[in-house]
Structure formats: C-alpha cells, structure tokens
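See structure below.
All residue numbers refer to positions in the sequence shown, counting from 1. Keep in mind that the numbers below use all heavy atoms, side chains included, and drop hydrogens, waters and symmetry copies. In each ligand, atom 1 is the first atom listed, and ligand 1 is the first ligand listed.
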Amino acid sequence: MILPECPSTNTLAAELSQAGQAPEGTVVITHNQTSGRGQRGNTWESGKGLNLTFSSVLHPGFLTASRQFQLNKVIALAVHDVVKKYTPEQVRVKWPNDIMVGNKKVCGILIENQVTGEKLSRSIAGIGLNVNQSEFSSPLASSVSIHSGKAIDLVTMFEDLLQSIEWRYLQLKNKQADKLDGDYLDSMFRINETHKFIVGDKETDAMIVNVDSSGKLIMKINNEMRSFDLKEIKYVY
Ligand code: BTN
C-alpha cells in the first residue's frame, strides 16, 4: 500500500493487521510520514519525498517470544546489506538495530511484536532510511546519498530492500539462525574495541563482545562480563 501521506506506517500497518487486512508480506509505505515513531518513545523525522519510510507485516509464528531479537537481526542485516552497496565507507549495525555509516546514523528500525501464547503471532517491522536528505537537525544523523555522493533512485532502493528483507527472513525461517548470528556479530558497530559508554549515569570504558539470545548487549567492563538492555546503556561519541 502506497500513501502520499500518513502519520505512521507502523501504526497504519498494525491497524490493517488488526482488521484482518494485512496478510504476511504486506508493506505500507508513504512519501510523507507526519508523526513517525522511534525507539524509546522518540519521534522519527523524515523530509517529504526524500527518504524511505515503510513497514512490513510479518507472521513469524515459528519463533518463540524469547527469540524475538532474531527479527531485529533479520531487518538490521537486510538494510545493512543494501546500504553497503551504495558507499565505500564502513556500514555497521549499532546495537540493537541502527544502521551507521561511519559514525553517523542513516537508518532507524522500530519492530513491534505481538505475542500469542509462547509464539510471535505478528511483527510490524518499521524502517526509516535516510536516502536523499542532505540536512539534519542532529549532527549524528546522515543519509546514504551524503556518503555515496549522488542522488539515489528511491524505487530501486526500496525494491532492493524488500528482496533483502525476504532473503534474511527466509534464512531465519529455514533454520539458518547461526548464519544470522555470525553476520550480525561481524557487522556490529564498535565490537571488540574499547570505547566510552554511559553505564547507569557514569562514563565508563567498555568493550562490546557479544549479544545474548534475548538480545541483551554483553560488554566487558574491568575484566567482568555484564549484560545490558537498551535503557541501561548509552554510546558516547
Ligand atoms: C529509531 O528510533 O531509530 C527507530 C525509527 C523508526 C522509524 C520508522 S519510519 C517507518 C516506521 N513508521 C514509524 O512510525 N516508525 C518507523
């Protein structure tokens, strides 16, 4: 479904799904998202007609709720694989699922899951990829075209992304999760390097070493392994 304007493709996809009108594979995309939602209750701003803002509806009934982080890997790697084709710079997945080119964020992902019993009955994977926007209010944000040096055809990139999502999703469905796990670790931003992070309210030197099966970030701090969820840790640039 293509809409000239819409408040949030994630919200609309969830409403369609609730109404029984969004079989698996349904994609909602808009040229102008006016109230985009981000992680931790943040908003997601995107210039009209410049970027890709869309949501895919998945029915991962084969996945238990305890393994839901696998979907973050599927979507983040799918976007990572496509963005890599557009720039010689280093493309990385910043845990849990931001896509970075160098030290700048070019894409945010919001995955909203519905659990029925022990299984995931529905997942809305929302992707906000900055493609042709050239100015941002945040100094940490960027777009793919800034790093590729030329304007990008949105339709071509969108089609590439849908194929990439399908490919990574089938990897998960076809029991190749170990491949996803390996690729996710290989593409992780700042893995196996010591950097400053805010842990609690203190700035601390720490090293990302892994992600556990529930999606928690495993870090080595003062020779001790500790795991963190999204609210407990902040990257320092
Ligand atoms: C983040 O905070 O980094 C996640 C941003 C996710 C934005 C996308 S844009 C398409 C979809 N619809 C929304 O309202 N949010 C997601």
Side-chain angles (χ1 to χ4, degrees), residues 1-18 22 25-58 68-69 71-80 82-83 91-114 122-133 136-144 152 154-155 157-162 164-165 169 184 187-190 211 215 217 229-235 237:
M1 176 184 267
I2 305 176
L3 297 152
E5 189 172 293
C6 137
S8 158
T9 56
N10 260 40
T11 305
L12 182 60
E15 286 168 0
L16 286 173
S17 172
Q18 214 56 44
T26 299
V27 176
V28 178
I29 181 164
T30 185
H31 298 295
N32 188 24
Q33 184 169 254
T34 51
S35 302
R37 297 188 289 109
Q39 292 179 52
R40 313 187 215 200
N42 289 328
T43 56
W44 182 259
E45 316 279 343
S46 181
K48 182 176 174 178
L50 296 172
N51 303 315
L52 290 170
T53 47
F54 66 99
S55 304
S56 286
V57 180
L58 302 170
Q68 57 187 281
F69 193 73
L71 286 175
N72 293 63
K73 292 182 185 174
V74 163
I75 304 296
L77 285 172
V79 178
H80 162 271
V82 171
V83 172
V91 181
R92 291 273 179 234
V93 179
K94 178 173 161 240
W95 176 87
N97 49 17
D98 290 345
I99 306 301
M100 310 290 288
V101 180
N103 272 326
K104 306 260 182 169
K105 173 169 169 173
V106 298
C107 177
I109 294 169
L110 178 67
I111 299 183
E112 297 180 298
N113 293 326
Q114 191 180 65
R122 185 193 77 198
S123 178
I124 311 280
I127 296 173
L129 177 61
N130 297 331
V131 184
N132 287 320
Q133 191 165 332
F136 294 90
S137 49
S138 162
L140 298 176
S142 188
S143 70
V144 182
I152 292 165
L154 288 176
V155 175
M157 198 175 199
F158 177 53
E159 286 171 354
D160 208 1
L161 282 164
L162 294 183
S164 186
I165 292 169
Y169 184 62
Y184 185 83
S187 65
M188 261 185 108
F189 180 67
R190 293 191 172 171
V211 174
L217 189 66
D229 68 27
L230 191 54
K231 294 180 289 291
E232 296 171 321
I233 189 115
K234 252 189 165 160
Y235 291 70
Y237 290 91

What does the contact table look like for ligand 1 (nitrogen or oxygen on each side, cut-off under 3.5 Å)?
from     : atom 1 : to     : atom 2 : distance (Å)
ligand 1 : 2 (O)  : Gln39  : N      : 2.7
ligand 1 : 3 (O)  : Lys105 : NZ     : 2.6
ligand 1 : 12 (N) : Thr9   : OG1    : 3.1
ligand 1 : 12 (N) : Asn10  : N      : 3.4
ligand 1 : 12 (N) : Gln33  : OE1    : 3.0
ligand 1 : 14 (O) : Ser8   : OG     : 2.7
ligand 1 : 14 (O) : Arg37  : N      : 2.7
ligand 1 : 15 (N) : Arg37  : O      : 2.7

Only one of His80, Lys73, Gln39 passes side chain to side chain donor-acceptor pair (under 3.5 Å) with Asn97; say which it is.
-> Gln39

Look at the aromatic rings of Phe189 and Tyr235 and report parallel, tilted or perpendicular, splitting at 30° and 60°.
-> tilted

What salt bridge (Lys or Arg N to Asp or Glu O under 4.0 Å) pairs are there with at least one residue in residues 33-49, not counting sequence neighbours?
-> Arg37-Glu112

N/O donor-acceptor pair under 3.5 Å between Trp44 side chain and Ile127 backbone = no

Flag side-chain contact, heavy atom, 4.5 Å: Leu12 against Leu3 | yes

Identified side chain to side chain contact (heavy atoms under 4.5 Å, CB included) counterpart of Pro96 within the set Val211, Leu230, Ile109 = Leu230

